Amino acid sequence: MLVLFNNFWIGLLMDAVQREEFESIGGGIDLWPEVGSRMMLRLVEGQGLAGGWVEVERGRYRYAVDWTNGVTVRTIIWDYLATETSWLG
């Protein structure tokens, strides 16, 4: 099965206002990830995905997921490059 995304955006985070707007992502619900994964450990420690950013490697890569209207994933790479991919429900 081929699943296509509805929206994709990539750009540079230029100033504090633009960064703050991009980083204010909605929330959603915590979903149970695959057993044994890093996300499972985060969930057990009380650090699920809902309403926050997951910092994979400090200063290099972080992401946030929003389930408010479909699924939206935002990423920030090197604190400079931003992406957003959306799959509408």
Side-chain angles (χ1 to χ4, degrees):
M1 175 195 326
L2 179 63
V3 178
L4 299 175
F5 51 85
N6 297 85
N7 182 39
F8 178 77
W9 174 86
I10 187 169
L12 305 177
L13 295 176
M14 299 182 126
D15 58 24
V17 173
Q18 185 181 15
R19 178 182 297 260
E20 184 176 330
E21 182 179 313
F22 184 79
E23 289 180 348
S24 64
I25 191 164
I29 56 171
D30 276 328
L31 299 176
W32 285 94
E34 182 179 353
V35 173
S37 67
R38 287 184 186 182
M39 186 47 68
M40 175 62 104
L41 295 174
R42 288 182 55 83
L43 195 89
V44 169
E45 294 170 353
Q47 304 172 12
L49 280 174
W53 285 79
V54 175
E55 193 166 30
V56 178
E57 190 173 342
R58 182 177 290 285
R60 290 194 180 201
Y61 178 71
R62 58 193 164 116
Y63 68 93
V65 181
D66 180 8
W67 290 280
T68 306
N69 183 19
V71 177
T72 300
V73 179
R74 290 185 179 175
T75 64
I76 297 179
I77 304 166
W78 292 96
D79 287 330
Y80 181 70
L81 184 65
T83 70
E84 178 179 288
T85 307
S86 299
W87 297 266
L88 301 177

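Counting begins at 1 with the first residue of the sequence. The figures here come from the full heavy-atom set of this structure, side chains too, leaving out hydrogens, waters and symmetry mates. Model, not experiment: these values are computed from the prediction.
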Are Val17 and Trp9 connected in a single hydrophobic cluster, I mean Ile/Leu/Val/Met/Phe/Trp/Tyr linked by side-chain heavy atoms less than 4.5 Å apart?
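In one cluster: no.
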
Measuring from atom CD1 of Ile10 to atom CD of Glu84, what distance do you get when rounded to the nearest 0.5 angstrom?
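It is 12.0 Å, given to the nearest 0.5 Å.
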
Roughly how far, to the nearest 0.5 Å, is CZ of Phe8 from OG1 of Thr83?
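If we round to the nearest 0.5 Å, Thr83:OG1 and Phe8:CZ are 5.5 Å apart.
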
Is there a side-chain contact between [X] and [Y] (heavy atoms, below 4.5 Å)?
X	Y	answer
Trp78	Arg60	yes
Leu81	Leu12	yes
Ile76	Glu23	yes
Val73	Trp87	yes
Arg62	Asp79	yes

Please find the pair of heavy atoms, one from Gly59 and one from Glu55, that lie closest to each other, and give the distance.
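Nearest heavy atoms, Gly59 then Glu55: N-OE2, 3.8 Å.
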
Using every non-hydrogen atom in the two residues, find where Thr75 and Tyr61 come nearest and quote the distance to one decimal.
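Shortest heavy-atom contact: CG2-OH, 3.6 Å.
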
